[in-house]
Amino acid sequence: MKLEKELNLIYIILKKINGVIFCNALIRAAKNLGLTVIQSSVEILVEEMIEPKSDEHRKIASITDGEVTWKAEKFVIAGGFWTKKLVKQIGVELPLDPQRGQIVHLFHSNLDTSKIPMISTFHGHYIVPFDDGNIVCGATRELGEMEACATVSGVQEILFEAVRVIPELKKAAIIEVRSGIRPISKTGLPIIGPVPNFSNLFVSTGHGPHGLTLAPYTGKLLSQLLLNEEIEFDLSDFALK
């Protein structure tokens, strides 16, 4: 319970960010540090055959999109809900469910949004104002939905709650509706660390709606794990059992 409270606190502190700008900044910073980005869709994990065959010492030799193959000493799968599909082909079950989330971006030219605080309502929705008249309202939590699209019912749900809290938003313009699929862990905590019985395979998923804000620190912890460095945070609660 204490750990969950700490995660929620981190989420509240870091929530007021533009997701697109934030992600692009992370990618630029990583490239400056030597990251190579390859746009593809990995479909297959190729397991190295080890003799004698042992379930306690398996190893991934490469990954492939069906045409191109990449080899490495260690692999981290951080593919959101689709991490579950990838590791299932090697007999690993992840306690993971998909959850569609929709958010609505609004603009109100006559509303001083600089004086509006971030609001988390009783029904689990939120309103995040920016100082330039832009307001982000969210979010739906549609468990089991796999199609990343905006829906009438989702937008209606969000706007009804937003206007209930701030009636002036009736006159706001709808700028954009975004939607995506969150990986929801059945344990309520992210799944971070090595895959049991594999010597060089790791996963990072299950962050749910906290993924954007927790991703940089998760990456730092994973890098320490892969480089056999001292890990500054105990990951035992997040381990894949």
Could you give the distance from NZ (Lys85) to CD (Glu43), rounded to the nearest 0.5 Å?
5.5 Å
Residues joined to Ile44 in its hydrophobic cluster, side chain to side chain under 4.5 Å directly or through other members, sorted by chain and number, are Val46
Carefully, step by step, assess Val92 and Leu201 under the rule side-chain contact (heavy atoms from CB on, under 4.5 Å).
CA-CA 11 Å; Val92 177; Leu201 183 61; over 6 Å; no
Which pair of heavy atoms, one from Ile60 and one from Asn200, lies closest together, and at what distance?
O-ND2, 2.7 Å
With a 6.0 Å cut-off (strictly less than), is the heavy-atom count around CD of Glu67, excluding the residue itself, greater than 12?
no
Would you give the length of the straight line joining atom CG of Leu235 to atom OG1 of Thr218, rounded to the nearest 0.5 angstrom?
8.5 Å
Between Thr187 and Asp237, is the side-chain contact (heavy atoms from CB on, under 4.5 Å) condition met? List the steps.
CA-CA 10 Å; Thr187 66; Asp237 288 332; over 6 Å; no
May I have the step-by-step check of side-chain contact (heavy atoms from CB on, under 4.5 Å) for Leu222 and Ile192, ending in yes or no?
CA-CA 8 Å; Leu222 274 171; Ile192 306 169; 4.0 Å; yes
Contacts of Lys170 meeting salt bridge (Lys or Arg N to Asp or Glu O under 4.0 Å) (sequence neighbours excluded), chain-then-number -> none
Any idea which heavy atoms bring Asp97 and Lys186 closest together, and the distance?
OD2-NZ, 2.7 Å
Check residues 150-157 and write down every donor-acceptor pair under 3.5 Å in which the side-chain atom is one partner and the other belongs to a residue at least two apart or another chain.
from, atom 1, to, atom 2, distance (Å)
Thr151, OG1, Gln102, NE2, 2.9
Thr151, OG1, Ser153, OG, 3.4
Thr151, OG1, Gly154, N, 3.0
Glu157, OE2, His125, NE2, 2.9

Ala78 backbone acceptor or donor facing Thr205 side chain under 3.5 Å:
no
Restricting to salt bridge (Lys or Arg N to Asp or Glu O under 4.0 Å), what partner residues turn up for Lys59, sequence neighbours left out?
none
Please state whether the rings of Phe238 and Phe233 are parallel, tilted or perpendicular, taking 30° and 60° as the class boundaries.
tilted
Apply side-chain contact (heavy atoms from CB on, under 4.5 Å) to the pair Arg100 and Cys149, showing each step before the final yes or no.
CA-CA 8 Å; Arg100 180 168 62 199; Cys149 64; 3.6 Å; yes
Just by modelled atom types, is the Ala72 backbone N or O under 3.5 Å from a matching donor or acceptor in the Lys74 side chain?
no
Using the rule that Ile, Leu, Val, Met, Phe, Trp and Tyr join whenever any side-chain heavy atoms are under 4.5 Å apart, tell me whether Leu94 and Ile90 fall into a single cluster.
yes
Linking I/L/V/M/F/W/Y whenever any side-chain heavy atoms sit under 4.5 Å apart, do Tyr126 and Ile184 land together?
no
Tell me whether Ile119 is reachable from Phe160 by hopping between hydrophobic residues (I, L, V, M, F, W, Y) whose side-chain heavy atoms are closer than 4.5 Å.
no
Count the heavy atoms belonging to other residues, nucleotides or ligands that lie under 6.0 Å from CD of Glu232, then report whether that count exceeds 12.
yes
From CD1 (Ile175) to NE2 (His108), nearest 0.5 Å
12.0 Å
Nearest 0.5 angstrom please: Lys171 NZ to Ser109 OG, how far?
10.5 Å
Identified side-chain contact (heavy atoms from CB on, under 4.5 Å) partner of Phe75 from the options Val203, Val42, Leu45, Ile63
Ile63
Search all heavy atoms of Ser114 against all heavy atoms of Asp131 and return the closest pair with its distance.
CA-OD1, 3.5 Å
Listing request: all salt bridge (charged side-chain N to carboxylate O under 4.0 Å, His left out) pairs with a residue in residues 108-122, at least two apart in sequence or in separate chains.
Asp112-Lys115
Atom CD in Gln99, atom OG in Ser185: separation rounded to 0.5 Å?
12.0 Å
Nearest heavy-atom pair of Leu225 and Pro194: which atoms, and what distance?
CD2-CD, 3.9 Å
Rounded to the nearest 0.5 Å, what separation is found between the CD atom of Glu168 and the CD1 atom of Ile116?
7.5 Å
Would Trp70 and Val37 show up in the same hydrophobic cluster when neighbours are defined by side-chain heavy atoms closer than 4.5 Å?
no
Find out if a path of hydrophobic residues (ILVMFWY) with successive side-chain heavy-atom gaps under 4.5 Å connects Leu86 to Ile181.
yes
Between Phe130 and Thr113, is there a side-chain heavy-atom distance shorter than 4.5 Å?
no
Any residue meeting salt bridge (Lys or Arg N to Asp or Glu O under 4.0 Å) with Arg178, in chain and number order, not counting sequence neighbours
Glu176
How close do Gly180 and Ala148 get, counting heavy atoms only, and between which atoms?
CA-CB, 4.1 Å
Where Ile127 and Pro129 come nearest, the two heavy atoms and their spacing:
O-CD, 3.6 Å
